[in-house]
Trainee: 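Can you keep this structure in mind? I'll have questions shortly.
Order of the sequence lines fixes the chain letters, A, B, ..., with proteins taken first and strands second; residue numbering starts at 1 for each chain. The structure presented is a predicted model; accordingly, all values stated were derived computationally and were not measured.
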Amino acid sequence: MNLFKDFEGRVLSALEALEQIQEKKDGINLSRVSVEPPRDPSHGDVATNAAMVLAKPLGTNPRALADEISNVLEKDADIERISVAGPGFINMKLSSTYWQKTLAAIIAEGEAYGRSGIGGGQKINVEYVSANPTGPMHVGHCRGAVVGDSLANLLSFVGFDVTKEYYINDAGAQIDVLARSVFLRYREALGEAIDEIPSGLYPGDYLKPVGSALAEEFGTRLRGMPEGEWMPIVKDRAIDAMMDIIRQDLAALNVTHEIFYSERKLHADNAKAIREAINDLTFKGHVYKGKLPPPKGQKPEDWEDREQTLFKSTDVGDDIDRPLIKSDGSYTYFAADVAYFHDKFERGYKEMIYVLGADHGGYVKRMEAVAKAVSEGEAKLTVLLCQLVKLFRGGEPVRMSKRSGDFVTLRDVVNEVGSDSVRFMMLYRKNSEPLDFDFAKVTEQSKDNPVFYVQYAHARCHSVFRQAAEVFADVDLESVDYSDAVEDMITDESEIQLVAKLAEFPRIVESAAAAHEPHKIAFYLYDVASAFHAHWNRGKETAELRFINNTKPKLSMARLGLVRAVAAVLKSGLSIAGTSAPVEMR
RNA sequence: GGCCCCGUAGCUCAACUGGAUAGAGCAAUUGACUUCUAAUCAAUAGGUUGCAGGUUCGAGUCCUGCCGGGGUCGCCA
C-alpha cells in the first residue's frame, strides 16, 4: 500500500487520456511528474506538479493544462475535491471511503507495512565503525555506529541484501604498540614492578586482564623470547581481546555486524591480496612509477623527493596521485584499502557504503577513485561523513584527553543515558550536521529527548488495548479482523489526519533509503507520535472521539484498528532506528 | 594556501532533494490532569534562510564570487 504511488498511477493515466499528450508522446518526459503531500494540509491530501512540469514541452501554460488534467481526474470517485492552485499545482482531497480503504490495507499488511522491494534483493555492503582494535570504543565512534547500523536496517527494510561489515585495522604500527603494551602487562602479571607506563604505549587498565591471561597461558615462557618471537603470539591474543571488548561495546549500543574483516588477511601470505589488487590496477592502466610534489602549505623537513609506485587517481577524479609502496618496500595503508575494496567487489557487491567520521573527509575522493578504477565504473561507492559530536554536561563542554587515558568511552555514555537515548539522539540530526550531545538534557529533562516522546506514543497504543481488554472482556481482541472493522467507521477529520500520516510511511522509508538519510525515519516517527498524541487529547475534550466506547463495540473495534496501525508503524520505525518499542513507560 | 562540511526564529534543528504563505522542539506567555498513563495536548509570539550576483514558470535548496565557523593535508594509521 503506497498511496502516493497509487495516485501517481492515476495522474499518469489521466495524462495519457489527454489529446495533446498523445500527439507529442515521444517528446515528453513524464519522469519529473510527482505526487506528494502538499506542504499545507488545508490544500488537500495529495498534490501533483504535472501541469507545471509538462506545460513548457507542450507549449501551453500551466494553469490551463492543470484545468484539463483535473477535468479528467475529477471523475475519480476516490477524489472528493480537486482544485488548481498557485502556479499550477493540482490539489486533491480524498474521500473518507478512500482513507478507510487505505487504513484497512495498512492493518492488513501488519508489520510488513512500509517495506518495499526497491532494493530488488541487490547485494549492498555497509561498512561502519571500523575502530582500531587498540582499546574500548570512544564516544566519538557512537555516531557512525548508530548511523551505519540504522542505515543498514533501513536498506534491508526496502529489500536490499545488506551485509553489515567492520574493517579491523589490525595490521599497522599501532598494533605493535598494542602488543608491547600488553607485553608490559604480562610482565606485570608475572610479578614484575611496572612503575609508569612509558609514553608511546597504551596506558589503559583494560590491558591488564590480557596480560594476566597471557601469564596464565604461557607462564614465564614468553619472557625469555626475543620480541620477534613473542610479538606474533601477543599480537593475536591482544587483537582478539580488544575485539571482544569492542563487540561488547557495540552490543551495548545494539549495533551488530555480520562480517569482521581483518586487514591482516590482506597482508597474509606475503601480501597476496594486496599484490593481486595492485596487479589488477596495473593491468587496468592506473599504476605508474613517478614522483609526487611535496604537500602544499609547509613542506615537511624530512621530505624525500624520490620515485615510487603510484596510483594514478587523478585520472579518476582525485586531486593527487597516491603512493602504494613505502620506501622500505612495504605497502601503504592505502594499498590495503585498495585491496580491501577489490575484495569487496570480487565478493559481488555493486554498491558499497562507507560510514566515516568527519576527520576522514580527505579520504572520500581517493576512495571514490579506487572504486571507479577497480570496478571500471561498475560499482557505486557512497561515503557518508558523520560530523563531530561535542559532549556537554549541563551546558559545559566535556574535556577529553586521549593521552592521559581519561577519554569518555562509548560504554560510559550508554551506561549513563541508555542505548535507546543515544541511538535516537544520534539519528535525530542529519549526519552532515555537527551534533551537541548533552548528558544533562538527555537524562534529566526527558522532554528534550524525542525518543521518549515516540516510545510514549507506542506505549499509549498498548495502554488502549489493555483498557479495551477490560471493557470488552467478552471479545478476543487478538482475533478481531480490524482491517474489516474500519469500513464506514473512521470518519472524523482528526482520525483521517492520523491515517494520512501513516500513509506517508512507505514514501518516507523509500526516500530515506534512496538518499541514505536514516534521520528521516527519526523525524517521521516524531511526526506520527505527535499526530497520535494530538488525537488522543481530542478524546479528552470530546468523549465521542475516544477509541473505546463501551456502548458502540463496532466503532470501538474500528478505532482499535487505527491504534493498532499506529503501533505497527511506530514499532517498525523504532526497530529501524535500533531502539526498543516498550509497551509501557515506567 | 588546496580540498571537504556547515551558516535557516533568542537556542537546538527540519524542510519530502527545484515547489505553494520556510516548519518543529526548547526558552517566554496563556489554558487543559476525577484522564483510553499530563513523559501529553491546545493557543499566542518569534524570519531580509550569512552577503552579492546568476540560472527559470519557481531557489533555503543548483552555479559563481565574497564573509564567517569547523574539519583535513604526509611513505602516519
Trainee: Determine the contact category for Ala457(A): base if any of its heavy atoms lies under 4.0 Å from a base atom, sugar-phosphate if only primed atoms, P, OP1 or OP2 are that close, otherwise nothing.
Mentor: nothing
Trainee: For Phe89(A) and G19(B), is the gap between ring centres under 5.5 Å while the planes differ by less than 30°?
Mentor: no
Trainee: For the side chain of His533(A), counting heavy atoms from C-beta on, which of G71(B), C76(B), U40(B) is nearest?
Mentor: U40(B)
Trainee: From the set C13(B), A77(B), U37(B), return the single nucleotide nearest to any side-chain atom of Arg429(A).
Mentor: C13(B)
Trainee: Among Phe452(A), Tyr526(A), Tyr453(A), find the one that has a ring pair (Phe, Tyr, Trp, His ring centres under 6.0 Å) with His533(A).
Mentor: Tyr453(A)
Trainee: By nearest atom, which of the nucleotides A77(B), C57(B), A20(B) is closest to the Arg32(A) side chain?
Mentor: C57(B)
Trainee: Check every atom of U37(B), A24(B), C75(B) against the side chain of Met585(A) and return the nucleotide holding the closest atom.
Mentor: U37(B)
Trainee: Please determine, for the side chain of Arg39(A), which listed nucleotide (C3(B), G60(B), U37(B)) has the closest atom?
Mentor: G60(B)
Trainee: Quick one: which of A14(B), C76(B), C16(B) gets closest to the side chain of Lys430(A)?
Mentor: A14(B)
Trainee: Paired stems touching RNA chain B, three or more consecutive Watson-Crick or G-U pairs with both distances under 3.5 Å?
Mentor: B:1-7 with B:67-73, B:10-13 with B:23-26, B:28-32 with B:40-44, B:50-54 with B:62-66
Trainee: What nucleic acid atoms does Asn132(A) come within less than 4.0 Å of, heavy atoms only: base, sugar-phosphate, or nothing?
Mentor: sugar-phosphate
Trainee: Considering every strand and a 4.0 Å limit on heavy-atom distances, what is the contact class for Ala515(A): base, sugar-phosphate, or nothing?
Mentor: base
Trainee: Nearest to the Phe452(A) side chain among A39(B), A77(B), A15(B), which nucleotide is it?
Mentor: A39(B)
Trainee: Using a heavy-atom cut-off of under 4.0 Å over every strand shown, decide if Ser432(A) touches base, sugar-phosphate, or nothing.
Mentor: sugar-phosphate
